[in-house]
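This report refers to the structure that appears directly beneath it.
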Amino acid sequence: MPRLSVIVYGPNAQGHLTELLDSLEAHPLPDAEVIVAAVGDWAQETAGRHAPETLVVPLPEGTGDAAARAAGAARASGRWLHFVHAKDGLPAGAPRLIAERAAELDAAAGTEASGTRDAPAAPVDVLLFDHVTTTWQTTAAPSRDGRHLAAVGRESRTLDGRADLLRLAPLLGNRALRADFWRAHEARFTTEDEPLAAHTVLLLADRIACLNQVAYENRVLRPESLPPRAPAHRLTLIERYESLLPLAKNRRTVHAVLYDLMVRDLVRTFAREDLPEPVAREFFRRASLAAVRWRPEGHQRPPGLEGVRHALLEEGAYTRYRAFQAGNRARRAARTAVRSRKRQVGAKVRDHQYRRALSRPVDPELAVFAAYWDRGVACNPAAIAAELAELAPHIRRVWVVSKDNAALLPPGTDHVVPGTRRYWETMASAKYLTNNVNFPGAVVKRPDAIHLQTHHGTPLKRMGLDQMDHPAAAKGLDFAALLGRIDKWDYSVSANSHSTRMWERAYPARYTSLDHGYPRNDVYYRATAADVRAARARLGIAPGRTAVLYAPTHRDYEAGFTPRLDLAALADRLGENTVLLVRAHYFYGGAASPLTGLRRSGRIIDVSSYDPVEELCLAADALVTDYSSIMFDYANLDRPIVIHADDWETYRTTRGVYFDLMAEHPGQVARSQEELTEIFASGAWRDDSAAKARATFRRRFCEYDDGRAAERVVRRVFLGEPEEALPPVLPLEERTPAPTPEEATA
């Protein structure tokens, strides 16, 4: 019996079925079957041209979606069903993601034939996952569902405990259903109203699980390309909620969320300008009755204008509501005009100040530094600034720091806040501008100023222009504006020849590549045994304990940080003598809420907000990461690295990569938590094969790092010394990394 049945259904709308089946055929999954409930001759011909393993269920032209889904499900033999409309798409590896997560859920419920659980958990009926949306104008736009999925984590829940899951986009494609659950309620799910079916699925499920990864592409066809619909079809929205709300009876939280969704949708629909007057009046009348009939006891209207809208709807005050709408539109137009005028005046003043500053000579003894979108003193810019203070103390150093982060700066740090008058005067006057990302496009590149781009990692994932083919990662990046920013670079710092070549490809411009190493990595060769001991003491790591740093990267297809490991279970398996240092990616603001409940154990320490990260690396005996560039930096320490790559295929396809990490890894590779645990339990994390892989990795990616990168950069850029006068890069075998924690405490 296959784990998963992918049921493709519907007509071959605008030819999209071809690419959907091509993607399924390109990434076959042994534990899944594909059934095509093909509506019409074109869909049947398209399905017939694909792999013979694809089961085609021919259906006559005009068969509705509900009937097509039912016909496909009737032929399915999988434990789980995933309904995919023929117009939609599946990201590469999506069926595998769903099948693997379903296998975990089956095992937890004791449904596996080999299962031996004494007290199996209640079976999960619905598995929810994230999606992207493609329209005739946009490609793979992320959804807003990720935060709800991330909040649930990997434990199954009841809807009463997580009623906010009703706020997910009501698609059948972003959820997989346990086959037995589908068959038990099939009559309730057989409707042409997909949102009705999607919500009914959640309302009838005993337990629900989530997967905070993209596994579906919802394709929205241009309305003008579809048959016209009568305005009266909007009335079905009211019918939808009046079918759903009885299922929420005596379920207070669920009822409240569903009611809020109903009123929101009713108000939004009524606000449409395209409703003819008779339809609008009838819609408002019926919507008012529904709002009154289904209002939960004690329900509080939202504050402000939204509350006024709700009150007028419940009162059935059609004429007053229309007058309220007209007044709001007039007020919004007036406020918009005022704000626009203020922005224009403010922009003119700032522009005048900036232009005046640009007319003055460049200050040859002024250097501006910024890092990570103005977060503070960090990364390569921080290491360069520190070296500059030693070699050229006459050059003043000013940091660009956001208003929120200014209070976190080291005492006495000279800084400017973006947008202020001093900021623009400083940016106009500085001879040197250093950043590990780009300065804003409005910053003018003066001919006698020097812009130094340090970057902040070695590229495994696609960067710059190479993201053009990966829209889920690019997220609307303006590539023309990007080219304008990189044309301002004079120098680009590189840690290895791989980076040099990839930067030239991703950021094609006339800058000079500084193959000098990453200044932030100098500490890995300069730190002493005392430095290592002090770092561990600050983190509370007792002598003799093994510290494992877990530092995963972010996923472009996930909205928030959800640890991909069961950290409590991992800590238990690794034993009392091991401490896990867990660092969420900085994109998540350093507030990794899923870790909050684990901090009390003492064996799991949330270091997401701990800076500098280099100190964490010095304190750690080993690194566990997935695709984060921290692996390239940590490799300088010549300590064990373990790659946890449970979603490599999805990451590689969604984000795009420059090389196959599974073939060129820095140590052992785990594709699941079980494999990761075994690597540590068996000692394989630091065996000879791991050391051999790490040595090969270091030769390629630690090529220019030897502890003197910052000195080379400062001498070349700020002091103007020729390259041949700089300290040469030491051969790898002549470099001495910082002592390991074991050596430091010996």
Side-chain angles (χ1 to χ4, degrees), residues 143-145 148 159-160 162-171 191-203 220 223 228-336:
S143 77
R144 297 180 179 180
D145 292 350
H148 296 296
L159 184 62
D160 296 83
R162 280 291 180 180
D164 270 355
L165 292 176
L166 285 167
R167 302 186 189 278
L168 269 61
L171 306 168
T191 171
E192 294 299 316
D193 185 344
E194 183 181 4
L196 172 59
H199 277 136
T200 303
V201 160
L202 296 184
L203 289 164
V220 179
R229 302 178 70 181
H233 86 273
R234 302 268 167 68
L235 297 174
T236 60
L237 177 65
I238 303 169
E239 297 168 359
R240 175 191 306 163
Y241 281 105
E242 295 207 305
S243 297
L244 292 170
L245 281 159
L247 298 177
K249 187 177 181 181
N250 301 324
R251 302 168 71 177
R252 183 174 179 179
T253 305
V254 174
H255 187 181
V257 171
L258 196 57
Y259 180 81
D260 286 341
L261 289 174
M262 179 184 75
V263 176
R264 181 203 66 182
D265 287 349
L266 295 178
V267 168
R268 288 179 179 178
T269 301
F270 183 69
R272 291 174 179 265
E273 300 282 343
D274 59 346
L275 283 178
E277 184 66 14
V279 175
R281 282 188 177 276
E282 177 61 13
F283 180 89
F284 193 87
R285 184 187 70 81
R286 292 179 57 180
S288 175
L289 293 173
V292 172
R293 181 184 304 119
W294 295 106
R295 182 177 180 180
E297 184 178 351
H299 185 270
Q300 297 294 316
R301 298 189 187 104
L305 296 179
E306 195 64 23
V308 175
R309 292 188 183 93
H310 286 211
L312 292 173
L313 177 66
E314 291 175 4
E315 293 170 17
Y318 179 84
T319 302
R320 281 192 290 149
Y321 198 110
R322 283 301 197 199
F324 175 75
Q325 282 183 311
N328 270 344
R329 282 194 290 270
R331 283 190 293 272
R332 283 197 299 269
R335 284 197 299 267
T336 299

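All values below come from the heavy atoms of this structure, side chains included, with hydrogens, waters and symmetry mates left out.
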| Minimum heavy-atom separation for L196 to T200, with atom names? | O-OG1, 2.6 Å
| request: Kindly indicate whether the side chain of L258, heavy atoms from C-beta on, has any atom under 4.5 Å from the side chain of M262. | output: no
| Is any side-chain heavy atom of H299 closer than 4.5 Å to a side-chain heavy atom of D260? | yes
| query | Could you give the distance from OH (Y259) to CZ (R264), rounded to the nearest 0.5 Å? | reply | 14.0 Å
| said: Measuring from atom CZ of R281 to atom CZ of R322, what distance do you get when rounded to the nearest 0.5 angstrom? | reply: 8.5 Å
| task | Look up atom CZ in R167 and atom CG in D145, then write down how far apart they are to the nearest 0.5 Å. | result | 12.0 Å
| request: With rounding to the nearest 0.5 Å, note down the distance linking CD in E242 to CG in L289. | output: 8.5 Å
| query | Which pair of non-hydrogen atoms, one from P296 and one from A256, has the smallest distance, and what is that distance? | reply | CG-CA, 4.2 Å
| task | Taking all non-hydrogen atoms of both residues into account, name the closest pair between L266 and F283 and its distance. | result | O-CE2, 3.5 Å
| request: Mind listing the closest non-hydrogen atom pair of P195 and D193 along with its distance? | output: CD-OD1, 3.0 Å
| said: Can you confirm whether E277 is buried at CD, in the sense that more than 12 heavy atoms of other residues, nucleotides or ligands lie under 6.0 Å from that atom? | reply: yes
| remark: Residues H199 and L261: closest non-hydrogen pair is NE2-CD1, 4.3 Å
| note | For L247 and R251, the nearest pair of non-hydrogen atoms, with its separation, is O-NH1, 3.3 Å
| task | Using the six-membered ring wherever Trp is involved, compare the ring planes of Y318 and F284 and label them parallel, tilted or perpendicular (cut-offs 30° and 60°). | result | perpendicular
| Distance, nearest 0.5 Å, that separates CD of E306 from CZ of R309 | 5.0 Å
| request: Report yes or no: does D164 contribute a side-chain atom to a donor-acceptor pair with the main-chain N or O of H148 at less than 3.5 Å? | output: no
| Hey, are the side chains of Y321 and V267 touching, using non-hydrogen atoms and a 4.5 Å cut-off? | yes
| field | Point-to-point distance, once rounded to the nearest 0.5 Å, from CZ of R331 to CZ of R335 | value | 7.0 Å
| said: Run the salt bridge (Lys or Arg N to Asp or Glu O under 4.0 Å) test on R286 and E239 for me, step by step, so that the C-alpha distance in whole Å, both residues' side-chain angles and the decisive distance to 0.1 Å come before the verdict. | reply: CA-CA 10 Å; R286 292 179 57 180; E239 297 168 359; 3.6 Å; yes
| task | With the side chain counted from C-beta on, respond yes when Y241 and W294 share a heavy-atom pair under 4.5 Å apart, and no when they do not. | result | no
| task | Kindly indicate whether the side chain of D160, heavy atoms from C-beta on, has any atom under 4.5 Å from the side chain of T253. | result | no
| Student check: side-chain heavy atoms of R301 and R295 closer than 4.5 Å | yes
